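This report refers to the structure that appears directly beneath it.
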Amino acid sequence: VIGLGDYTVQSVSTAAWAPPGGIKGLRPIGLCLNAPGLEDILAIPPDPDAEEFFEIAYDKDQPEDCGGESIPGNWGSIDFDGGENSEADTKEWISNGYPDLIDVSNHEVTSCTDEAHCSQGDTGALAGINKELKDLKSSEAYFTLPVFNYVEDVGANALFHLVGVVRVRLVDFQVTSKDSKRYFLLAVKPGLIEGTCCDGSGSGSGGNKVIAICGVDPGQFEACEP
């Protein structure tokens, strides 16, 4: 139409990848940083080409290990939106992850007052979502779990200070037997997760990364610079 013959169209896209700032898709199963081996996994993430298996006892003592006090009515379940502790929400978040961004902080705290990185707890154990956990296990999909290093208050008022995430696959679990027999067996493997790029410090990211497209023309490469 305009008098040209064959023409090669060219385009260049530039991406950045880095530890996440905020994280999407978190499941509401909080893990205490003091669980045996977990702090080492965050500090020195496993080889991304291999899995490292990690078992955590998910009982009433689990939150107390990070709070130094009794946390009655809470087993470590996280209520990300601070709503009405709906079991329907928990089931949805177990199946598909929490859809909004959650920030984590790598600093120590002694109180959650005015602390942006503290998330509300959820009451009860996870026995009511046994089916959703079975589906998650059978899918063999990788997902992210929040790690906390401090918890205060009780039940639905419990507050968890989130300091990191781990990318895992659910290998086995028990949430319907007596307290002392409940556990999660997880396969930890760093990889790509959903979140905001690229303002994360790397601390607490568990070796995970997010990717962002930051330029679609050669002249926009500078958009990827720090």
Side-chain angles (χ1 to χ4, degrees), residues 23-46 48 50-67 71-80 85 87 89-98 102 104 119-151 158 160-191 193-194 204-208:
I23 299 144
K24 284 186 176 182
L26 284 173
R27 265 59 177 189
I29 302 172
L31 305 179
C32 173
L33 184 64
N34 293 339
L38 183 55
E39 189 168 8
D40 291 339
I41 287 174
L42 282 184
I44 306 175
E51 290 182 321
E52 182 171 317
F53 292 90
F54 171 73
E55 183 175 320
I56 182 169
Y58 210 78
D59 54 25
K60 291 180 181 179
D61 292 333
Q62 207 249 145
E64 295 176 21
D65 291 340
C66 275
I71 313 293
N74 194 291
W75 297 53
S77 301
I78 308 294
D79 181 15
F80 293 119
N85 301 99
E87 188 174 272
D89 284 345
T90 304
K91 289 181 177 181
E92 170 64 21
W93 299 342
I94 288 288
S95 298
N96 301 305
Y98 183 63
I102 296 293
V104 298
S119 292
Q120 190 169 324
D122 208 348
T123 54
L126 297 174
I129 54 174
N130 197 52
K131 178 185 180 300
E132 287 72 22
L133 290 170
K134 284 183 177 179
D135 291 343
L136 193 60
K137 173 186 173 181
S138 63
S139 74
E140 298 187 345
Y142 288 94
F143 53 92
T144 48
L145 296 180
V147 178
F148 60 90
N149 70 340
Y150 175 80
V151 59
F160 293 84
H161 182 253
L162 306 183
V163 293
V165 295
V166 286
R167 180 177 179 265
V168 300
R169 176 174 62 85
L170 183 57
V171 179
D172 202 5
F173 70 96
Q174 179 60 262
V175 295
T176 56
S177 62
K178 64 180 182 178
D179 183 7
S180 62
K181 299 294 184 181
R182 301 189 184 203
Y183 71 94
F184 287 106
L185 178 59
L186 306 169
V188 183
K189 186 177 183 180
I193 61 176
E194 187 177 5
S205 67
N208 300 298

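All residue numbers refer to positions in the sequence shown, counting from 1. Predicted, not measured: the structure shown is a model, and the values here were computed from it. What you see below is based on every heavy atom in this structure, not just the backbone, and it leaves out hydrogens, waters and symmetry mates.
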Are [X] and [Y] packed together at the side-chain level, in the sense that at least one heavy-atom pair is separated by less than 4.5 angstrom?
| X | Y | result |
| --- | --- | --- |
| Val175 | Tyr58 | no |
| Leu186 | Leu170 | yes |
| Ile41 | Pro46 | yes |
| Pro28 | Tyr98 | no |
| Phe184 | Leu133 | yes |
| Tyr183 | Asp172 | yes |
| Pro146 | Phe160 | no |
| Asp79 | Trp93 | yes |

Which value, rounded to the nearest 0.5 Å, describes the distance between [X] atom [atom1] and [Y] atom [atom2]?
| X | Y | atom1 | atom2 | answer |
| --- | --- | --- | --- | --- |
| Asn149 | His161 | CG | NE2 | 6.0 Å |
| Leu26 | Ile78 | CG | CD1 | 9.5 Å |
| Ile56 | Leu31 | CD1 | CG | 4.5 Å |
| Ile44 | Glu52 | CD1 | CD | 10.0 Å |
| Ile193 | Thr144 | CD1 | OG1 | 5.5 Å |
| Ile29 | Phe143 | CD1 | CZ | 6.0 Å |

Derivation of the side chain to side chain donor-acceptor pair (under 3.5 Å) call for Ser138 and Glu140: CA-CA 5 Å; Ser138 63; Glu140 298 187 345; over 6 Å; no
Distance-only side-chain donor-acceptor flag, Thr176 / Gln174, under 3.5 Å: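 Short answer, yes.
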N/O donor-acceptor pair under 3.5 Å between Glu132 side chain and Lys134 backbone: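 Such a contact is absent between Glu132 side chain and Lys134 backbone.
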N/O donor-acceptor pair under 3.5 Å between Arg27 side chain and Ile94 backbone: yes
Could you list the residues that satisfy salt bridge (charged side-chain N to carboxylate O under 4.0 Å, His left out) with [X], not counting sequence neighbours?
| X | result |
| --- | --- |
| Asp40 | none |
| Lys91 | Glu87 |
| Glu51 | Arg169 |

Over all atoms of both residues, closest heavy-atom pair of Pro45 and Gly207: CG-N, 3.4 Å
Which atom of Leu38 lies closest to which atom of Cys32, heavy atoms considered: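 For Leu38 versus Cys32, the nearest heavy atoms are CD2-O, 3.2 Å.
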Steps toward side-chain contact (heavy atoms from CB on, under 4.5 Å) verdict (Tyr150, Val163): CA-CA 9 Å; Tyr150 175 80; Val163 293; over 6 Å; no
